[in-house]
Structure formats: C-alpha cells, structure tokens
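All values reported here derive from a predicted model rather than from experimental measurement. Numbers restart at 1 for each chain; the letters A, B, ... are given by sequence-line order, proteins then strands.
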Number of protein chains: 2
Amino acid sequence: MTKHSPRSRDAYHVGNLAPQLLKAARHMLEQVGPTKLSLRAVSERVGVSATAAYHHYANRAELIGHLAAQGFRELAQELPTHGSENGLQALRNACLAYFSFARANPALYQLMFGPEFADGQMPLELHGARDQAFSELRRIVAEVLELDMEQPEVRRAALAGWSYTHGLASLVIHRVLIFPAGTTDQRFVDSTLQGLLQLFQVEKGT
Amino acid sequence: MTKHSPRSRDAYHVGNLAPQLLKAARHMLEQVGPTKLSLRAVSERVGVSATAAYHHYANRAELIGHLAAQGFRELAQELPTHGSENGLQALRNACLAYFSFARANPALYQLMFGPEFADGQMPLELHGARDQAFSELRRIVAEVLELDMEQPEVRRAALAGWSYTHGLASLVIHRVLIFPAGTTDQRFVDSTLQGLLQLFQVEKGT
DNA sequence: ACCTGAACACCGTTCAAGT
DNA sequence: ACCTGAACACCGTTCAAGT
C-alpha cells in the first residue's frame, strides 16, 4: 500500500536515463524515419515525462547528434577490409561494406548525412566520429595507392571514392534507384563498379 | 467605404493561389531548409489562411513534391553539354553542371534527394521529372560510350556516373566535405575527378 | 468554386515546482 | 540531482461555415 508500488512504468525515475533514451531513439529511428523522430515519443516510450530528456541532452539536435555519431563509429568499424589480396579487392570490399551498412541501417544513414547537420552546428562527438570514419577510408586508399596517408593525392582519391560509394548508397536508400529484386548487395556493387570502370576506360583512350 | 477596399493583403481571395504558393515555397525553401518548410508559413507569406492551400494541394507532401519536380526539370535542362569536343569533356561538363546546380540550390537539392520521398509514395509528376533527368544523363553516357541508350552497359555506366556526381554534390552540400575557400566549382570538380582516375589507374594494373 | 476560423492531435522547449 | 506538469509557440490536417 505504499507509494513505492510500481505503476506500470515503474515509478518516479529510472536510473540511467541517457543511454535508455538513446537506445529507444535508435530503435524508433528505423521505424519512423529520420525527420519524424520526436523527443516526446522517445520519452514516452521509455516511460518518462516529455521534458525529462532535457536533463541529459540539451535538445533534440544533441540527441540525434549522438545517434549519428554512433552510426559513424559503427561504420568505421565495418570498413576495414580484413583479408584482401590486392588493391582492387580492398577497394571493392570497403565499398561493399559501406553499402551494406547503409542498406542495413537506412534511417540512421539518412540521419548521418541528412540536412539536420548541414548548418555548421553539430556536436563535437559527431564531428570526431565522422572524421575517424573518413580516416579509415583514407588508410585503405593509401594502401591501394602505396602512398602515405597524408599525401594530397590520397586525400583526393579517398574523397572521390567516398563520393562514389556514398552516392550509390544514398540513391538506393532514398529509392531513387530501385534495388533489383533478385540480387545481392555484392552483385549490385560489383555490377555498378563495372559501369564506372567502363566509363573511365573510354576516358583513358582520349 | 465598401467592403472591397483592400486591407493590406488585398482582401478575400487572390486568384491563382496554386502557383503563388509554389513560388513562395520555393523562395522560403532556401531560407529555412527542406525539413523546416511549413505549409502554414508559406500560406501566411502569400497572405492567405493556413488552410487555403488544401484547396490546391492535397497536403504538404504534394506541395513539396511539385517543388522537387521543378528542381528535376531545371536540372535536366542544365545538363546538356552543348559544345564538348570529346567524351571526356562531355562527361566532365555534365558533372560540373550537375554539381553547380546543387551548389546553387542546396535546399532544393536536399529536398529532391531527401528522405521525404524515400517511402514509395510520391507524386507522379515528380517521378516523371526525375526519370527525365536520368534519361538526359543516359543520353550523354550513351554518346560517350558510342552505344545505344537502351543498352544495359549504358544504364550501368550512367548509374555509376550519377552515383559519383550525386555523392560529391551531396557531401559538399551537407558540409561533410568543406568546399575549399579559394576555389571554383570547376577546379574542385576537376581535382576530384583526378582523384577518381588515379584510383582506377591502379585497378587497371591488377 | 474558393476561402476562413475553430478545433484536434501532434511537435520542441522553458520554467516553476515537486521528490 | 533528477523528474514532472503546465504553458507557449509552433506544426499538419479536418470540418463546418461563410462569400
């Protein structure tokens, strides 16, 4: 009969709210999409008042900033191309890993590269995580080119490679390109890479 | 003294509201960004009640759908690479035109490729305009490859080229890559294209 | 046919107050 | 220190009503 008795959402406060909010947000993100993820809904899901989140995150932007940072960390982890025989293989494998990550976490990927952070303002954590992911890419490209990571050629080539892969992932995720029904990520990435090669074989001839 | 006298917003109704709303929306889009463009604000700007728009567009999605379609039409128009000496030049010029369009209309570009239309649902007009823009790209690639537009090789190559250019534009627009201060669109596109070439010169050696 | 105002169900965010 | 409820300024959208 005491006031302690749980009332279906387990009373007053929960303990470590911050990570719980993050987890709930991550889960809801893939359900409702990056633009429609609301603080109020996330709070309610955790079983806490709508304003409780503001004691752990400055605002919505900071919450989704953490989400995006998490995404970049996971992406950076999956990039390393374990056992690749040669440069071509390493590049292809990185491209494939990148593409598969985006396909597996479409809403998170949209958030990571979406307009929410297009203005300069974004959490430091996010900026760091993003740079680290790009570093991973540069490392791979440096190996392929057999140059030092800091060389400007490496930077340019990494940037170009990132553009290509990001573009492919982005177009598929936003359903601008319809991903062919009967195919695997691997086959699709390979086939499109063939297309790119063909475009440049012509260029070399001129 | 009649009721006809204009009251600063010119009385009851305006005439051709639909295009006026579109125009106002287009203008506000670049100011507030794709996610924050609101029907209410657009309506107020035109000087009309918040609900008036619903007599001309089914909902917000349809309004911004028209906006995006307009974007694809303009993009398709700017792609044709008038006088290009050879294939490489044509490709580069298309890439540059595409990139410049995105840089000149960042919010519109974000809208065109943003999550708003990632679910299957989008206006027919938008779908058509998008396909037409892609057709333009295929035509250019077909010329470069000296093949028929309908060939699957052309489709794949166009898709790859689109991915690359879209990726580059998208990363710059979302400020993932910081566009170098002292540079022009032309120099930036050329430099990055060099990077891509370098990446593939290695591949050819394997 | 075209537009308005009130209303509903949502948002993000602030602030005084409670434990 | 951590959480809540009421409140404010916004949304999209519906609906009955006005011209």
Side-chain angles (χ1 to χ4, degrees), chain A residues 2-22 24-25 28-29 31-67 111 114-117 119 121 123, chain B residues 2-22 24-25 28-29 31-67 111 115-117 119 121-123:
Chain A
T2 67
K3 270 278 177 95
H4 295 115
S5 62
R7 19 169 273 260
S8 96
R9 3 157 110 193
D10 218 40
Y12 191 48
H13 89 233
V14 233
N16 50 348
L17 232 194
Q20 283 203 60
L21 286 167
L22 216 55
M28 293 183 77
L29 175 60
Q31 319 251 322
V32 302
T35 58
K36 284 183 190 153
L37 183 68
S38 88
L39 261 186
R40 284 182 111 114
V42 171
S43 301
E44 198 194 3
R45 166 149 222 180
V46 173
V48 95
S49 91
T51 61
Y54 287 88
H55 295 272
H56 303 270
Y57 301 99
N59 47 33
R60 181 185 186 271
E62 195 176 297
L63 195 261
I64 64 174
H66 275 88
L67 234 41
L111 187 70
E116 335 272 334
F117 311 111
D119 51 53
Q121 294 302 41
Chain B
T2 66
K3 272 275 176 94
H4 295 115
S5 62
R7 19 167 274 260
S8 97
R9 359 159 114 191
D10 218 39
Y12 191 49
H13 89 234
V14 235
N16 50 347
L17 231 194
Q20 283 203 63
L21 287 167
L22 215 56
M28 293 183 76
L29 175 61
Q31 319 251 322
V32 302
T35 57
K36 284 181 190 152
L37 182 69
S38 88
L39 260 185
R40 285 181 110 114
V42 171
S43 301
E44 198 194 3
R45 166 150 222 178
V46 173
V48 97
S49 91
T51 60
Y54 288 88
H55 295 273
H56 303 271
Y57 301 99
N59 47 33
R60 180 183 187 273
E62 195 176 295
L63 196 261
I64 64 174
H66 275 87
L67 234 41
L111 186 70
E116 335 273 335
F117 311 111
D119 50 52
Q121 294 302 40
M122 66 172 168

Fill in the blank from the handout: When A/Arg40 and A/Thr51 are each assigned the nearest nucleotide of DNA chain D, the 5'-most assignment goes to A/Thr51
Fill in the blank from the handout: Rounded to whole Å, the CD-P distance (A/Gln20 to D/dC2) equals 14 Å
Exercise for the section: Grab the two heavy atoms, one from A/Asn59 and one from A/Tyr54, that are nearest each other, plus how far apart they are. Expected result: CA-CE2, 4.0 Å
Completion exercise
Output for pair (B/Met28 CE, B/Glu44 CD), nearest 0.5 Å, gives 8.5 Å
Handout entry: Rounded distance in Å - CD (B/Glu62) to C1' (D/dT13)
Key = 14 Å
Practice task
With the side chain of B/Leu17 defined as its heavy atoms from C-beta on, choose the nearest nucleotide among C/dT14, D/dC11, C/dC3.
Solution key: C/dC3
Completion exercise
Here the distance between atom P of C/dG5 and atom OH of B/Tyr54, to the nearest Å, is 16 Å
Practice task
Looking at every strand, decide which applies to A/Arg60 at a 4.0 Å heavy-atom threshold: base, sugar-phosphate, or nothing.
Solution key: sugar-phosphate
Handout entry: Heavy atoms of other groups near B/Gln31 CD, more than 12 under 6.0 Å
Key = yes
Problem - Nucleotide forming a Watson-Crick or wobble pair with C/dG18, both distances under 3.5 Å - result: D/dC2
Problem - Base-pairing mate for C/dT13 - Watson-Crick or G-U, with both contacts under 3.5 Å - result: D/dA7
Exercise for the section: Grab the CG-P distance between A/Leu39 and D/dT4 for me, whole Å please. Expected result: 14 Å
Exercise for the section: Find the distance B/Asn16:CG to C/dC2:P and express it as a whole number of Å. Expected result: 11 Å
Practice task
Tell me what A/Ser38 touches on the nucleic acid: a base, only sugar-phosphate, or nothing, going by heavy atoms under 4.0 Å.
Solution key: sugar-phosphate
Handout entry: Distance-only donor-acceptor test, A/His55 side-chain atoms vs D/dC2 base atoms, 3.5 Å
Key = no
Problem - Spacing of NE2 belonging to B/His56 relative to CD belonging to B/Gln20, to within rounding of 0.5 Å - result: 10.0 Å
Handout entry: Distance, rounded to the nearest Å, where B/Glu44 contributes CD and C/dG5 contributes P
Key = 12 Å
Problem - Any donor-acceptor pair under 3.5 Å from A/Arg45 side chain to A/Ala25 backbone - result: no
Exercise for the section: Specify the separation, in whole Å, of atom CG of B/Leu21 and atom C1' of D/dG12. Expected result: 15 Å
Handout entry: For atom NZ of A/Lys36 and atom P of C/dG12, their distance in whole Å
Key = 14 Å
Exercise for the section: Compare side-chain N and O positions of A/His56 against OP1 and OP2 of D/dC3 and report whether any pair is under 4.0 Å apart. Expected result: yes
